[in-house]
Amino acid sequence: MSSTMICQNYDSYLDEDHRTWAYLMIRQEGLDAKSISEEYLAGYTQLALDKAKIVKIEELSRRLESISGWTLVPVNGLIPTKEFFYMLINKRYPVTISIRRPSEIDFSEQPDIFHDVCGHLPLLVNEKFTKFLSAYSLIALKYVNNDRAVDLLGRFYWYTYEMGVLRENGKFKAYGGAVITSAEEVLNLSRVEVQPFDLVHIFKTPYNPYKLQEKYFFINSFDELFESLGLLEERLIEYLLMPDDDLILRNYSLNNNLGKEFNNVIGFLNDIQFKFPNAISFAAGQPDEHFFNVTHHMSKFDEYIRHMSAKTMESRSDIINKVGQYNKTKGIVNDILAEYLKKDENIGVDPGDILVTVGAQEAFSVIVSTICNVEDDVILVEDPSYIGVSSFSRIFNFKLEGVHTDEEGLDLNDVRDKIIRVNRSGKKVKLLYVIPDYQNPSGSCMPIGNRLKLLELARKYNFLIIEDSVYNGFSYAQKKNPTLKSLDRYNRVIYVGSFSKSLFPGLRIGLIAAEQKIENVNGETVSLIDEMAKVKAQITNNTSTISQAILGGTLLNLENSLQDWCRPKIESYKAKRNKMIACLNQHIKMHAHQWAQGIVWNEPDGGFFIKMTLPFEVNDRSVIEAASTFGVIFCPMRYFYLRKGGEKEIRLAFSNLSINQIELGIEQLAKYLKAQLQGKKSHAPERMEEDIVNF
């Protein structure tokens with residue numbers, strides 16, 4: 001990025017730019033003064049900033065110079081590190097002339113005039129702070145050609161001028177510009193750890209400018225900050241002379257499968273949603289938080305304790321202590337879960353054939369690790385499919401083969417062909433992973449006839465089926481489909497259930513139901529669930545018994561059925577699905593003969609997802625552009641394919657959005673799609689140059 005100083009062409013600002021400035025200034029003055037340092041507030045008052053229009057840098061510079069001797073230099077974004085410190089030494093401070101777009105009102109990746117002026121300039125009227133800043137710059141200038149020194153000094157700058165906290169009258173108050181100009185950081189300050197200012201600790205603490213901070217460092221005065229400079233260079237040299245003291249392990253490789261090509265879709269989408277918190281997100285298939293009722297469920301812990309006390313004749317305190325102790329690997333509520341499976345899923349299994357897991361994700365890892373050998377066995381998965389099984393398998397080198405899917409789920413002909421090809425190659429298809437009902441990510445649903453045929457294939461070709469039944473209960477039809485497990489005459493299905501959607505994800509309870517008996521390599525007959533319990537014991541010992549007790553009490557209270565409990569949720573999700581379809585028809589389908597040709601979507605009868613097919617490709621950059629410019633987030637389907645596929649498809653999740661959010665989100669999505677199809681230029685932010693340091 002160019003370091004050339006420029007002029008502020010004030011006439012180039014649009015009315016929209018001034019409105020953005022006015023909005024930010026109003027919000028800034030509305031921040032709780034109890035959280036902002038008095039030292040900052042005193043400087044802010046002295047500057048007397050224009051609250052209605054963007055400040056004129058030349059006028060503000062003259063005012064600042066009359067107060068403290070500092071002047072301002074208009075710049076076009078970030079400047080090289082060396083030039084930055086030369087300016088500070090000469091009491092000149094760079095101010096970016098551009099202002100963020102309305103779509104970036106809460107988060108701007110690039111510096112802008114609001115952050116520079118409101119975040120940093122008020123402290124430039126503080127004599128003690130500017131004394132520190134000048135002295136710090138003299139030290140930093142000596143090391144600008146050393147990348148490691150720049151990194152360490154950048155951490156020092158970040159946790160002072162950007163994220164600095166001052167203890168005033170016994171309370172922690174922000175003086176750092178990045179805290180003060182972020183309403184979310186101000187709130188975050190009261191929630192997380194605030195530690196005493198310590199150079200060694202700061203040098204060991206990297207930072208991420210795109211996330212809320214996990215910790216802050218407080219000073220008691222700017223005198224303390226200035227005095228720390230006496231040790232700064234000494235500590236810096238110590239670190240530079242001790243290459244391993246930064247706690248980075250060099251020449252120490254991790255699992256190669258976690259490299260750049262690893263499918264970190266969850267991390268990417270989480271970061272996007274944090275960067276653009278006001279964007280409406282169709283990305284995450286989360287259950288609706290309004291139905292969690294966590295306090296109600298937690299109160300059912302006592303119901304489980306009373307049940308066990310009556311059953312065993314033991315005292316309440318003894319039962320509670322046993323719940324708090326290490327416990328059975330298989331679980332402590334298996335008898336209750338067996339009744340639940342019989343009532344709600346028509347699945348008849350003995351309590352001893354159930355393994356309680358830490359959510360469905362652990363269930364998948366236990367099943368794969370128990371059944372498959374890395375060298376010889378192959379797992380078939382729907383392609384596309386939920387990444388729970390595929391990502392785990394890739395990390396630990398289990399072999400995968402994708403099976404084509406359509407609106408009826410698995411292509412059974414492709415299943416047969418893949419099995420024959422794999423088995424002929426000398427390897428063995430041992431498992432097939434499937435989501436029969438309202439599949440994530442496509443929303444497809446397997447017809448009952450296909451379910452029966454799949455079971456016959458499993459018997460014929462001697463493989464087991466992992467049935468992920470997380471969405472089976474969320475059918476919008478009058479009657480939900482029978483699970484594969486309930487139809488299974490050949491004992492080929494391993495059933496995986498979860499209570500994350502029906503109750504709430506924080507419970508972290510899933511289950512495996514598997515009554516298969518297996519003849520092992522020694523000719524012995526063993527219980528598959530017992531073998532899985534051996535693996536589970538090595539991973540998590542046992543699933544939280546506190547959570548199990550809460551679940552057990554909830555099920556007892558509801559007579560071992562969640563059908564009535566979930567009915568209001570299902571009706572709500574159905575209304576949201578209907579709203580999605582109506583809005584898609586209104587904002588996109590009705591324009592199919594104008595700009596929306598080639599855009600189609602499915603209309604699933606259950607679950608949380610709609611799949612949309614586009615006439616153009618989408619990627620990570622498309623997600624960023626839609627979020628930053630149009631205020632809407634979607635999930636590219638290509639994340640869910642094993643190899644190629646989904647380049648022109650997106651997944652839209654509606655489960656955790658309100659009706660109003662759905663309407664606005666689809667309207668914004670339509671605007672994004674229209675802009676792409678009409679060839680408008682992308683406005684997604686560019687990456688920063690690697691040689692520019694964002695202090």
Side-chain angles (χ1 to χ4, degrees), residues 265 269 273 279-288 382-387 405-409 435-446 468 470-477 480-481 501 569-592 596-616 618 622-623 626-627 630 632-641 645-674 676:
V265 53
L269 292 175
Q273 290 176 119
I280 293 173
S281 177
F282 293 107
Q286 298 172 334
D288 190 337
E382 297 168 300
D383 198 22
S385 184
Y386 172 62
I387 63 174
T405 62
D406 55 27
E407 65 276 3
E408 294 186 343
I435 309 174
D437 297 287
Y438 319 117
Q439 193 238 29
N440 179 8
S442 69
S444 65
C445 190
M446 184 183 293
D468 185 347
V470 67
Y471 300 106
N472 175 260
F474 295 95
S475 173
Y476 308 144
K480 69 178 185 179
N481 293 309
K501 307 296 190 294
K569 301 180 186 181
I570 296 170
E571 290 302 316
S572 174
Y573 292 143
K574 182 178 180 180
K576 293 178 182 182
R577 188 280 312 266
N578 291 343
K579 185 65 175 179
M580 283 278 287
I581 298 301
C583 290
L584 288 169
N585 288 334
Q586 176 187 352
H587 294 292
I588 299 176
K589 189 172 184 178
M590 67 178 294
H591 301 288
Q597 292 184 35
I599 302 177
V600 295
W601 55 85
N602 61 347
E603 298 184 8
D605 289 327
F608 294 179
F609 309 104
I610 288 174
K611 183 184 80 170
M612 176 179 284
T613 302
L614 306 172
F616 59 89
V618 292
S622 308
V623 177
F630 296 89
V632 64
I633 303 172
F634 54 78
C635 182
M637 283 282 289
R638 67 182 182 85
Y639 296 144
F640 301 97
Y641 284 81
E647 290 82 4
K648 295 183 179 182
E649 299 170 345
I650 62 175
R651 187 192 74 175
L652 302 173
F654 52 82
S655 49
N656 197 27
L657 296 175
S658 69
I659 294 294
N660 290 337
Q661 286 175 317
I662 288 171
E663 185 166 15
L664 178 58
I666 294 300
E667 184 178 354
Q668 293 305 111
L669 177 64
K671 291 178 181 177
Y672 166 76
L673 297 174
K674 182 178 180 180
Q676 298 305 304

| message | For K579, is there an ion pair with E663 - N to carboxylate O distance below 4.0 angstrom? | response | yes
| query | So do F630 and K674 actually touch side chain to side chain, heavy atoms under 4.5 Å? | reply | no
| query | Is the F654 ring parallel, tilted or perpendicular to the Y476 ring (thresholds 30°, 60°)? | reply | tilted
| request: Starting at CD of Q439, measure out to OG of S385 and round the result to the nearest 0.5 Å. | output: 5.0 Å
| task | For the residue pair M590 and N585, establish whether any side-chain heavy-atom pair is separated by less than 4.5 Å. | result | no
| query | Hey, does R651 have a side-chain heavy atom less than 4.5 Å from the side chain of N440? | reply | yes
| Donor-acceptor pair, Q586 side chain versus C583 backbone, under 3.5 Å? | no
| For the residue pair F634 and Y672, does the interplanar ring angle fall in the parallel (under 30°), tilted (30 to 60°) or perpendicular (over 60°) class? | tilted
| request: Taking the side chain as every heavy atom from C-beta outward, state whether V618 and E647 have any pair of such atoms under 4.5 Å apart. | output: no
| query | Any side-chain heavy atom of K611 within less than 4.5 Å of one from W601? | reply | no
| Roughly how far, to the nearest 0.5 Å, is CG of N602 from CE of M612? | 9.5 Å
| message | I need the L669 CG to F282 CZ distance, nearest 0.5 Å. | response | 6.5 Å
| query | Shortest non-hydrogen contact from D605 to R577? | reply | CA-NH1, 3.8 Å
| Donor-acceptor contact present, side-chain Y438 to main-chain V470, <3.5 Å | no
| How about F474 and Y573: are their ring centres within less than 6.0 Å of each other? | yes
| K480 side chain reached by N472 side chain, heavy atoms, under 4.5 Å | yes
| request: Would you give the length of the straight line joining atom CD of Q676 to atom OG of S622, rounded to the nearest 0.5 angstrom? | output: 6.5 Å
| request: Take F609 and S655, measure what side-chain contact (heavy atoms from CB on, under 4.5 Å) needs, and give me the verdict at the end. | output: CA-CA 8 Å; F609 309 104; S655 49; over 6 Å; no
| request: Flag the pair L584 / K589 as yes when at least one side-chain heavy-atom distance between them is below 4.5 Å, and no otherwise. | output: no
| query | Are any non-hydrogen side-chain atoms of N481 and S475 less than 4.5 angstrom apart? | reply | no
